[in-house]
Amino acid sequence: MKARNGDGVETLLLRQGLSPGRYGAAFKQLNKKNLTRRHGLITGRTYLLPKRVATRKPPVLRTARRTSRPATAVPVVLSTKPISPAQLFGPRYAGTPAQSSSLRGAVYYLSSGHGGPDPGAIGKYGSYQLAEDEYAYDVTVRLARVLISHGALVYVMVQDPNDGIRDENVLPMDYDEVQYPQLRIPLSQVQRLRQRIAQVNKLHARHKGAYQRLLALHVDSRSEGQNIDVFFYHHASSATGLRLAKNIHRVFTSRYKRAQPNRPYSGNVSERGTLYEVRNSHAPAVFMELGNIRNQKDQRRFVVADNRQALANWICEGLIADYRGKQ
């Protein structure tokens, strides 16, 4: 395999569908005579690829046969024991060091798109598949952790008992996510959203009088050729939702200008009251599209863990600004 201009070991392996974490050491050993002192690649030179190790394929989802029995809307409780913060964030990020008390008194409901039997939009990345729910979830739990570090009370509405915060480029798909507080996620989108917002509204009543906000995080699946910036949607009749969206958007505009000075930021704030979560949440809500999982340029925003953390940090900055300016 010839190295292209700008290639590194990681990018070359990813292009061939090989995980750098799993195959990086073997690649360097095979090609040590053709690497620079810092293990860099030389443009135009041919490199050997390590032998693939067979991996178990993910389970195939099958559609249940129709029966004469009516569908039930009763949520199925999988466990009475809640998922602990250590499970939610994983062993590497289990601790949440306090950064400030800027968000003390604030309550957030974080809803990552899809989950359970529905992976959402699927993007092709070399020989890998990137699932919307995995990347939206990773940004969400990163956001939850940073919000907690600033003193907020956070409810993560979709939870995975064993993923935690992951730093890998390619996040494998699985189907074991549950709905807070340990409910099985329905395949039906309508039932799934009803279940999620019912839990949010139940918690909203428990925290009556507190500053409460819902954030729904998704990864868009527009046409493959269209890369997009981060977009924010709110309900037309929610002044607080509009203010929240504008505060986060303001941070993103500023950060993009600093990170990419030669590229204008085109993300915007707009009304979209047809979105179920925005329309039915008792807490003011903002629905965010973080990018296009099917676009190669946007995929770089998600496959690098530092970029996912930056998204979480920027959202948090906007939330702090909104909380400080609350009426």
Side-chain angles (χ1 to χ4, degrees), residues 81-112 136-160 164-165 179-182 196-217 230 232 234-235 238-255 269 277-278 281-288 290 306 308-327:
K81 186 178 180 181
I83 293 174
S84 68
Q87 285 179 289
L88 195 62
F89 300 137
R92 190 183 305 173
Y93 294 95
T96 311
Q99 297 189 55
S100 76
S101 58
S102 302
L103 293 172
R104 184 173 294 166
V107 182
Y108 294 101
Y109 309 103
L110 306 184
S111 172
S112 57
Y137 180 75
D138 194 68
V139 175
T140 298
V141 288
R142 288 173 184 273
L143 174 58
R145 186 171 182 267
V146 73
L147 289 174
I148 291 170
S149 77
H150 288 287
L153 175 60
V154 180
Y155 292 94
V156 179
M157 304 313 297
V158 175
Q159 302 182 347
D160 191 298
I165 293 173
Q179 168 66 56
Y180 175 90
Q182 287 260 44
R196 194 167 303 179
I197 293 303
Q199 294 300 318
V200 169
N201 291 342
K202 187 184 298 184
L203 292 165
H204 183 270
R206 183 190 303 176
H207 296 288
K208 185 177 181 180
Y211 170 101
Q212 303 183 60
R213 300 292 185 268
L214 166 69
L215 282 94
L217 278 64
V230 181
F232 307 87
H234 65 95
H235 197 280
S238 175
T240 50
L242 172 60
R243 189 185 69 219
L244 178 63
K246 284 185 173 180
N247 275 314
I248 307 173
H249 176 263
R250 195 173 295 118
V251 171
F252 271 74
T253 303
S254 171
R255 295 294 175 268
V269 175
E277 290 170 291
V278 169
S281 170
H282 293 172
V286 171
F287 186 106
M288 300 180 58
L290 301 176
D306 285 348
R308 300 197 293 272
Q309 187 61 53
L311 287 169
N313 293 344
W314 294 358
I315 296 169
C316 181
E317 284 186 54
L319 296 176
I320 291 173
D322 189 76
Y323 189 55
R324 285 175 175 166
K326 66 183 181 298
Q327 296 176 347

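What you are looking at is a predicted structure, and each value in this text was computed from that prediction instead of being measured. Keep in mind that the numbers below use all heavy atoms, side chains included, and drop hydrogens, waters and symmetry copies.
Take Tyr323 and apply the side chain to side chain donor-acceptor pair (under 3.5 Å) test, not counting sequence neighbours, and it matches no residue. For the salt bridge (Lys or Arg N to Asp or Glu O under 4.0 Å) test, no residue two or more places apart in sequence or in another chain qualifies with Arg196. Residues passing the side-chain contact (heavy atoms from CB on, under 4.5 Å) test with His234, sequence neighbours excluded: Leu242, Val269, Glu271. Considering only residues two or more places apart in sequence or on other chains, Asp160 meets the salt bridge (Lys or Arg N to Asp or Glu O under 4.0 Å) condition with none of them. When the ring-ring contact (aromatic ring centres under 6.0 Å, His included) test is applied to His150, no partner is found at least two apart in sequence or on another chain.
You'll find the side chain of Val141 stays beyond 4.5 Å of the side chain of Gln159, heavy atoms only.
Between the side chain of Glu277 and the backbone N or O of Ala216, no donor-acceptor pair lies under 3.5 Å. A distance-only check finds no donor-acceptor pair linking the side chain of Gln182 to the backbone of Gln179 [under 3.5 Å]. Checked by atom type and distance alone, the side chain of Asp322 never pairs as donor or acceptor with a backbone atom of Gly318 at under 3.5 Å. Looking only at distances, no side-chain donor or acceptor of Ser101 sits under 3.5 Å from a matching main-chain atom of Arg104.
What you find for Ile320 and Ser102 is that their closest heavy atoms are CG2-CB, 4.2 Å. Closest heavy-atom contact between Ser112 and Thr140: CB-OG1, 3.3 Å. Annotation for Val156 and Ala144: closest pair CG2-CB, 3.7 Å, computed over non-hydrogen atoms. Considering all non-hydrogen atoms of both residues, Ser149 and Pro97 come closest at CB-O, 3.2 Å. Across all their heavy atoms, Leu215 and Met288 have their closest contact at CD2-SD, 4.0 Å. Phe232 and Ala245 get closest at one heavy-atom pair: CB-CB, 4.0 Å.
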Checklist line | side chain to side chain contact (heavy atoms under 4.5 Å, CB included) assessment of Ile197 paired with Leu214 | finding: CA-CA 10 Å; Ile197 293 303; Leu214 166 69; 4.0 Å; yes
Notebook entry, point to check: When you look at Met157 and Leu110, which way does the side chain to side chain contact (heavy atoms under 4.5 Å, CB included) test go after all the steps?
Noted result: CA-CA 6 Å; Met157 304 313 297; Leu110 306 184; 5.9 Å; no
Item checked: Test side chain to side chain contact (heavy atoms under 4.5 Å, CB included) applied to Val230 and Ile248, step by step -> CA-CA 10 Å; Val230 181; Ile248 307 173; over 6 Å; no
Next item on the list: Check the pair Leu203, Tyr180 against side chain to side chain contact (heavy atoms under 4.5 Å, CB included), reporting the backbone distance first and the verdict last.
Entry: CA-CA 11 Å; Leu203 292 165; Tyr180 175 90; 3.7 Å; yes
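Pairs of residues two or more places apart, or lying in two chains, that qualify as salt bridge (Lys or Arg N to Asp or Glu O under 4.0 Å) and include a residue from residues 90-103 are Arg92-Asp167.
Taking the ring centre of Phe252 as origin, the terminal cationic atom of Arg250 falls outside the region bounded by 6.0 Å and 45° from the ring axis.
Rounded to the nearest 0.5 Å, atoms CD1 (Ile148) and CG (Leu153) are 8.0 Å apart. We find the CZ-SG distance between Arg142 and Cys316 to be 14.0 Å, quoted to the nearest 0.5 Å. Once rounded to the nearest 0.5 Å, the distance linking CD of Gln309 with CG of Leu311 reads 9.5 Å. With values rounded to the nearest 0.5 angstrom, Leu143 atom CG is found 14.0 Å from Arg308 atom CZ.
Ring geometry, His204 versus His282: the interplanar angle exceeds 60°, so the pair is classed perpendicular (tilted spans 30 to 60°).
Residue Gln212 is tested with Tyr155, Tyr108, Tyr109 for a side-chain hydrogen bond (donor to acceptor under 3.5 Å, both in side chains); the sole match is Tyr109.
For the residue pair Asn313/Glu317, the side-chain donor-acceptor check at 3.5 Å is not satisfied.
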